[in-house]
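Starting from 1, each residue takes its place in the sequence as its number.
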Amino acid sequence: MKQISEQKIKEKRRLNDVRKNKPDKKIKLRANIIVALLCVIGFAIGFLGILRAQLINGEKYRNAALRQQYSDVKIQADRGMIYDANMKVLAKSAAVFKVFVDPHNIKNEADREIISQILSKRLEMPYEEILEKTKNSKSRYVVIKSQVEFNVKESIVKDLKQHKGLSNAVGYDSDVKRYYPFGNSASTVLGFTGDKDRGLNGIEYYYDNELTGIPGRSITAKNALSQSIGSEYDKIYSTQNGQSLVLTIDSVVQHYLDDALSQVIVDKKANYGCGIVMNVKTGAILAMSTKPDFNLNEPSKLQNPVFITKLDEIKDEAEQKAYKKNAIKEQWKNRCITDSYEPGSVFKCFTASAALEENVVSMKDEFYCSGKIQIADKTYNCSNHSGHGKENIKDGLVNSCNPIFIEIGQKMGSEKFFKYFEAFGFTEKTGVDLPSEMMPIAGKTYHDFNNLGKVQLASSSFGQTFQITPLQILTAICSLGNDGKLMTPYIVDRVLDENQNTIIQNVPTVKRQVVSPKTAKTVVDMMEEGVKSGIAKNAYIPGYRVAGKTGTSQKLLAKGKYISSFAGLAPADDPEIAILIMVDEPEGTFYGSVVAAPTAAEVLKNTLNYYNIEPEYTDEELAKLNIKVPEIIGKDSKEAAIDLQNKGFSVKVIGNKGKVIAQFPAINNLIAKNGTILLMTEKNSKIPNISVPNFEGMNMTQAVKTARSSGINLKMSGYIKGKESLVYRQSAKAGTSIPYASTVTIYFKSSENVADF
């Protein structure tokens, strides 16, 4: 019994221990609640994650998946062409390549180094820069260089094939590059594009929307190695190429202007020069140039010699970098529209126009120039310090007399003067279709009417103390040759679609009638007399009637420095071509009549000849001018030589006696009278060479005598009317070796009675 009782006691104790360790109902309930909550929270988190992935980030994940499964490549559209007036290509786009690297396909560091070395060599880029780019593991598309030529791309392909497994790491996408066949020609006008084929300057910028096309797309399926596998889902969306532009610029006239302007900048060691050639009747710009300029194919290369010299003088690296950046921007400027200057005596044409139109003066009214004039407390001098004496308005313009025009300005008064200052367009932009045209500002670039007192009116009357752009001046000059009508200048003639169909045609636009046709013609006649016998005589062109006015203005912010200019029209009886030449800070003789006028004459002569505007020579001009070489081939050499000598030619015969089989110069070439003709009677005869003399500084008689004794023919150009005319330039450099009887063009100008301020 005792043993049974002990067993019951043990069992009872065991049951009590179990009861003590067993949770009660409350604990069970709490546990169940916690488990339920955890389930709900977990489900909610999962549900929210799904919701977020599908609704909020669904597009992101879908795009990520598509990027892995598909290649979506942008196909660059061709930028529109830019043509000159004769459809010569001035700017075009060509297919090139964009070289990129997929860092995920580079297996090891050795491969990375080889790839970087190959790309560095072929793309002419720093090795370290490429090496760093290939370490970009976040992207599978790292662009190394854009606008890579086909031959360069092919050399990379060839180099990579020599190393197994490297080709998959480098890829090539289509790209476009802009080319400018004429290099520097009209560079500040055309402008250029950037890496993304968007216009950054000039016409390229102004007409960027028209020139830029709509890109296409190429969508292809790809595998895990990012290789195209081709599928039914591949799609190509075609590009829409940009529209093309046909300019009013004629590349031939542009060449004449560029060459002449470059030459005067070199000869006169000037800062820069501007030139514009326009159609008088329409306002179409035939040529526009700023020199020095830059090569459109290398726009970021510094080419201005003045800037290069200053850059070399800077020693601090940071300062040098900042200067170079600013200098490059400066050489991009189209100074014909961005920069203003004091026009000087050229402006007298407009003062005369206003005074005649308002009947303030007549052609018969007489004035007196004593050499100076006093207005309020300021004295103004004439370029002729001893004075011109009695003059009418025509004499005043021909002699460029400051006192006469100051007196005329005072007679007009501020109200009438300012009325025409506005009417000729000097208080507004011209409206030309080019970017960055300077906006005149009252009180800053010109005198506000309310502040146009007697002194300000006096200086303004002859073109001082206010500033305007070269294009403003020439546009106003054109109005005088266009019966008083002021035109809006323009540079794009028409816009073409992809199929060369004209979709936009620009037409000449008359802004307003500034003066009457009678007044305009009267002033042009006075300007013509200035070229015939006055200060502007160095703009004279034998056989052509030229009307023009020179100007010389002192720079306000550069003591002792001047701006030389000339603006003119031809032919004067029915103007078709207008020209402006402006030269900043020429060294030596700085008068516009000596610096700018001869340059304008060179461009005008070539342009008039190019447009087949026939010269009409006077008897006096014919007596001094060039003649056509007669035909001698087939004639007996002895008889031909005697005949030519009787006509005043110098003759040299090479070979035995017999018939002439060749002559030099050839038939109908123009040479000066009493020139040299070479006759040859045998095949393969060798023409001897001679050295070109230095003609500069000679008068006509001296030049002809020197040329004849040297066996050289001359062509005369420039002001050949006066005995004081001297040669200032020659087409072949002194000391150059040329064939016997070759022709050298010599240019004359006068340095007497040419002061024009």
Side-chain angles (χ1 to χ4, degrees), residues 248 274 276-285 288 334-358 409 412 414-449 452 457 460-491 506-517 519-520 523-524 527 548-549 551 553 565 567-569 575 578-580 582:
T248 57
C274 296
I276 311 170
V277 181
M278 285 178 67
N279 182 305
V280 174
K281 302 293 196 299
T282 66
I285 296 171
M288 181 181 277
N334 180 357
R335 296 184 185 274
C336 294
I337 61 172
T338 64
D339 290 16
S340 58
Y341 72 108
E342 293 184 78
S345 294
V346 173
F347 191 82
K348 291 170 182 172
C349 300
F350 311 118
T351 302
S353 299
L356 290 170
E357 185 71 11
E358 288 291 324
M412 260 197 296
S414 298
E415 185 174 348
K416 289 180 180 177
F417 177 87
F418 194 78
K419 170 186 173 183
Y420 287 91
F421 191 86
E422 280 187 313
F424 276 113
F426 301 132
T427 62
E428 62 186 3
K429 292 182 179 181
T430 65
V432 67
D433 48 339
L434 285 169
S436 305
E437 183 179 12
M438 190 208 77
M439 178 66 192
I441 303 173
K444 186 175 181 180
T445 60
Y446 66 90
H447 299 294
D448 191 308
F449 170 68
L452 193 61
L457 178 59
S460 297
S461 298
F462 65 98
Q464 295 278 17
T465 69
F466 67 88
Q467 295 185 328
I468 50 184
T469 66
L471 185 58
Q472 282 179 303
I473 274 282
L474 191 58
T475 303
I477 286 289
C478 282
S479 72
L480 298 178
N482 191 30
D483 292 332
K485 294 189 290 287
L486 186 74
M487 308 299 292
T488 299
Y490 63 100
I491 204 158
N506 283 337
V507 294
T509 304
V510 179
K511 272 191 172 182
R512 54 185 162 270
Q513 186 80 35
V514 183
V515 295
S516 67
T519 297
V523 176
V524 170
M527 293 166 65
K549 185 70 190 77
S553 55
S565 63
L569 309 158
I579 187 170
L580 179 135
M582 186 272 276

- [ ] Check whether any side-chain heavy atom of I579 sits under 4.5 Å from a side-chain heavy atom of I276, and report yes or no.
- [x] no

Task: Distance in Å, F424 CZ paired with R512 CZ, rounded so as to fall on 0.5 Å steps - done: 10.0 Å

Open item on the list: With side chain to side chain contact (heavy atoms under 4.5 Å, CB included) as the criterion, how do L452 and E415 come out once you've worked through the C-alpha distance, each side chain's angles and the decisive distance to 0.1 Å?
Closed with: CA-CA 9 Å; L452 193 61; E415 185 174 348; over 6 Å; no

Task: Pairing residues for E422 by the salt bridge (charged side-chain N to carboxylate O under 4.0 Å, His left out) criterion, not counting sequence neighbours - done: none

Open item on the list: The criterion is side chain to side chain contact (heavy atoms under 4.5 Å, CB included); which residues satisfy it with S565, sequence neighbours excluded?
Closed with: Y341, V346, M582

Please output the side-chain donor-acceptor pairs of residues 478-491 that fall under 3.5 Å, not counting sequence neighbours, one pair per line with the distance.
from	atom 1	to	atom 2	distance (Å)
S479	OG	A476	O	2.5
N482	ND2	K485	O	3.4

TODO: Name all pairs fulfilling the salt bridge (Lys or Arg N to Asp or Glu O under 4.0 Å) condition that reach into residues 429-438, sequence neighbours left out, sorted by first residue then second.
DONE: none

Open item on the list: For a 4.5 angstrom cut-off between non-hydrogen side-chain atoms, does N279 reach T248?
Closed with: no

Open item on the list: Distance check, rounded to the nearest 0.5 Å: M288 atom CE versus L434 atom CG?
Closed with: 6.0 Å

Task: Non-neighbouring partners of T427 that pass side-chain hydrogen bond (donor to acceptor under 3.5 Å, both in side chains), sequence neighbours left out - done: none

Task: Intermediate values then yes/no, side chain to side chain contact (heavy atoms under 4.5 Å, CB included), F449 and F417 - done: CA-CA 9 Å; F449 170 68; F417 177 87; over 6 Å; no

Open item on the list: Closer than 3.5 angstrom, by distance alone: can the side chain of S553 be matched with the main-chain N or O of E342 as a donor-acceptor pair?
Closed with: yes

- [ ] List for me each residue that meets side-chain hydrogen bond (donor to acceptor under 3.5 Å, both in side chains) alongside S516, sequence neighbours excluded, and say none if there are none.
- [x] E357, T519

TODO: With sequence neighbours excluded, tell me which residues meet side-chain hydrogen bond (donor to acceptor under 3.5 Å, both in side chains) with Y420.
DONE: E358

Task: Contact summary for K549 and C349, nearest pair of heavy atoms - done: CB-SG, 3.5 Å

TODO: Could you pull out the closest heavy-atom pair between L569 and A578, with the gap in Å?
DONE: CD2-CB, 3.7 Å

Task: Under 3.5 Å side-chain donor-acceptor pair for T351 and K348 - done: no

Open item on the list: Can you list everything that forms a ring-ring contact (aromatic ring centres under 6.0 Å, His included) with F426? Sequence neighbours excluded, please.
Closed with: F347, F350, F421

TODO: Check side-chain hydrogen bond (donor to acceptor under 3.5 Å, both in side chains) between D339 and all other residues, then give those that pass, not counting sequence neighbours.
DONE: R335

Open item on the list: Has T338 got a side-chain atom pairing as donor or acceptor with S436's backbone, closer than 3.5 angstrom?
Closed with: no

TODO: Determine whether I285 and V277 make a side-chain contact, defined as any pair of heavy atoms from C-beta on separated by less than 4.5 Å.
DONE: no

For residues 462-475, dump all side-chain donor-acceptor pairs below 3.5 Å to protein atoms at least two apart in sequence or in another chain.
from	atom 1	to	atom 2	distance (Å)
T465	OG1	H447	NE2	3.0
T465	OG1	S459	OG	2.7
Q467	OE1	S340	OG	3.1
T469	OG1	Q472	N	3.1
T469	OG1	Q472	OE1	3.4
Q472	OE1	T469	N	2.9
Q472	NE2	G425	O	3.2
Q472	NE2	E428	O	2.9
T475	OG1	L471	O	2.7

TODO: Looking only at non-hydrogen atoms, find the nearest pair between A567 and I477 and report the distance.
DONE: CB-CG1, 3.8 Å

